[in-house]
Amino acid sequence: MDGTTGTVQRVFSQPLRPLGVTVGVLLVVATFAAIASTPWQTYASMSAAIIQMIAAVLMGVIGIGLAYISWAADA
């Protein structure tokens, strides 16, 4: 066999794995979008921009963690 059947069976045995990886990647992309929006130029106070940057970094960490845990769940 070429291993395709094993891969398909593994995906069907853990149906939330693709969802976890997709949501994790989406959170990382949203992190880059939040940083690219340059909040330090759009907010009147620097504290609001700092809070948004901290939240964006935490969102990225959560996204990377979720994608990693979902991807490596059966490894």
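The first residue in the sequence is number 1, and the count goes up from there.
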query: Does Ala56 offer a backbone N or O that forms a donor-acceptor pair with the side chain of Thr31 under 3.5 Å?
result: yes
According to side-chain contact (heavy atoms from CB on, under 4.5 Å), who are the partners of [X], at least two apart in sequence or on a separate chain?
X     : answer
Ser37 : Pro39, Gln52
Ile64 : Val28
Ile50 : Met46, Ile54

- prompt: If every non-hydrogen atom of Ala67 is compared with every non-hydrogen atom of Val21, which pair is closest and at what distance?
  reply: O-CG2, 4.0 Å
message: Same cluster or not: Leu58 versus Met53, using hydrophobic residues (I, L, V, M, F, W, Y) connected whenever any side-chain heavy atoms lie under 4.5 Å apart?
response: yes
